[in-house]
Amino acid sequence: MKPKAVFKIAADLLMTLGLLFLMGYQFWGDAAHEWAGAGMFILFIAHHILNANWYKSILRGKYSSFSIFQLIVDFLVFLAMIGLMVSGIMLSSHVFAFLDIHGGMSFARLLHMAASHWGFVLMALHLGL
């Protein structure tokens, strides 16, 4: 197996395990949750860089109804993850505390909770498809 393929599989596996870890926030506490979230942010970027060819082929070819469904799920997962990352940075009191963000905490908390719940469902679909 090519090194890129091994790295893609490793990144995907780490992201899956990371999401499960992040869902156990009440067991690990704030600091561990934030550091795992920061690691997930890095893995998210790596995942999209490693799958750059997918972006290049998005407008090529014909789409079946299944392909359209997959594309919609992928886009919604992307939006949920962006919402999680932005709100997580806003809520941070450990990893990103140096940013000194104070406004919009109630909105950030609401966004973080909604994006995490929808993201969990959408990620299950993304992995299953």
Side-chain angles (χ1 to χ4, degrees):
M1 193 179 298
K2 294 182 180 180
K4 183 178 178 180
V6 171
F7 193 67
K8 281 172 92 169
I9 291 169
D12 290 348
L13 181 62
L14 286 172
M15 287 177 78
T16 303
L17 294 174
L19 280 174
L20 293 173
F21 180 84
L22 287 166
M23 291 302 285
Y25 167 79
Q26 66 275 15
F27 299 119
W28 322 121
D30 286 346
H33 183 79
E34 285 188 30
W35 282 106
M40 184 63 72
F41 178 67
I42 292 166
L43 287 170
F44 178 82
I45 291 169
H47 176 79
H48 286 273
I49 290 170
L50 289 168
N51 291 294
N53 287 335
W54 180 81
Y55 286 104
K56 293 175 186 173
S57 67
I58 233 171
L59 296 175
R60 292 187 202 151
K62 292 186 176 185
Y63 279 92
S64 66
S65 55
F66 179 74
S67 298
I68 292 168
F69 179 69
Q70 264 186 317
L71 190 60
I72 290 169
V73 168
D74 291 348
F75 180 70
L76 292 173
V77 168
F78 182 80
L79 286 180
M81 294 301 127
I82 293 297
L84 280 167
M85 289 176 219
V86 168
S87 61
I89 290 168
M90 289 175 70
L91 292 169
S92 179
S93 58
H94 299 284
V95 178
F96 297 103
F98 65 91
L99 295 175
D100 204 31
I101 299 171
H102 296 292
M105 289 301 167
S106 61
F107 171 74
R109 186 165 280 110
L110 180 66
L111 176 61
H112 203 71
M113 293 306 294
S116 68
H117 288 96
W118 277 109
F120 195 67
V121 171
L122 292 165
M123 187 55 65
L125 273 171
H126 178 74
L127 290 171
L129 295 173

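In this text the structure is predicted, and so the values were computed from the model without any measurement.
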Visitor: Looking only at heavy atoms, what is the nearest atom pair of His117 and Met113, with distance?
Guide: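 That closest heavy-atom pairing would be ND1-O, 2.6 Å.
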
Visitor: Quick check: is Met90 connected to Phe44 through a chain of hydrophobic side chains (ILVMFWY, heavy atoms under 4.5 Å apart)?
Guide: yes

Visitor: In a table with atom names and distances, give each donor-acceptor pair under 3.5 Å that connects a side chain of residues 13-24 to protein atoms at least two apart or in another chain.
Guide:
| residue | atom | partner | partner atom | Å |
| --- | --- | --- | --- | --- |
| Thr16 | OG1 | Asp12 | O | 2.9 |

Visitor: Lys56: which residues meet the side chain to side chain contact (heavy atoms under 4.5 Å, CB included) condition with it, sequence neighbours left out?
Guide: Asn53, Arg60

Visitor: I'd like to know whether CZ of Phe107 has more than 12 heavy-atom contacts from other residues, nucleotides or ligands below 6.0 angstrom.
Guide: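 12 or below, so no.
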
Visitor: Short question: side chain of His47, backbone of Leu43 - any donor-acceptor pair under 3.5 Å?
Guide: no

Visitor: Please enumerate all residues that pass side chain to side chain contact (heavy atoms under 4.5 Å, CB included) together with Leu99, with sequence neighbours excluded.
Guide: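 For Leu99, the residues satisfying side chain to side chain contact (heavy atoms under 4.5 Å, CB included) (neighbours in sequence not counted) are Ile89, Phe96, Ile101.
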
Visitor: Look at the side-chain heavy atoms of Ile, Leu, Val, Met, Phe, Trp and Tyr, link any pair under 4.5 Å apart, and say whether Ile49 and Tyr55 land in one connected group.
Guide: yes

Visitor: Mind checking ring-ring contact (aromatic ring centres under 6.0 Å, His included) for His112 and listing every partner two or more places apart, or none if nothing turns up?
Guide: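 His112: no ring-ring contact (aromatic ring centres under 6.0 Å, His included) contacts found.
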
Visitor: Which residues satisfy the side chain to side chain contact (heavy atoms under 4.5 Å, CB included) test with His94, sequence neighbours excluded?
Guide: Asp30, Ala31, Glu34

Visitor: For Ser87 and Ala108, work out which heavy atoms get closest and say how close.
Guide: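 Shortest heavy-atom separation between Ser87 and Ala108 comes out as CB-O, 3.3 Å.
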
Visitor: Could you go step by step and tell me if Ile9 and Met1 meet the side chain to side chain contact (heavy atoms under 4.5 Å, CB included) rule?
Guide: CA-CA 11 Å; Ile9 291 169; Met1 193 179 298; 3.7 Å; yes

Visitor: Are Phe41 and Leu122 grouped together when hydrophobic residues (ILVMFWY) are joined by side-chain heavy atoms under 4.5 angstrom apart?
Guide: yes

Visitor: Applying a strict under-4.5 Å side-chain criterion to I, L, V, M, F, W and Y, I'd like to know whether Met105 and Leu111 cluster together.
Guide: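 Hydrophobic grouping puts Met105 apart from Leu111.
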
Visitor: In Å, rounded to the nearest 0.5 Å, how long is the span from CG of Asn51 to NZ of Lys8?
Guide: 4.0 Å

Visitor: Which donor-acceptor pairs under 3.5 Å do side chains of residues 65-85 form with protein atoms, sequence neighbours excluded?
Guide:
| residue | atom | partner | partner atom | Å |
| --- | --- | --- | --- | --- |
| Ser67 | OG | Ser64 | OG | 3.2 |
| Gln70 | NE2 | Leu129 | O | 3.3 |
| Asp74 | OD1 | His126 | ND1 | 2.7 |

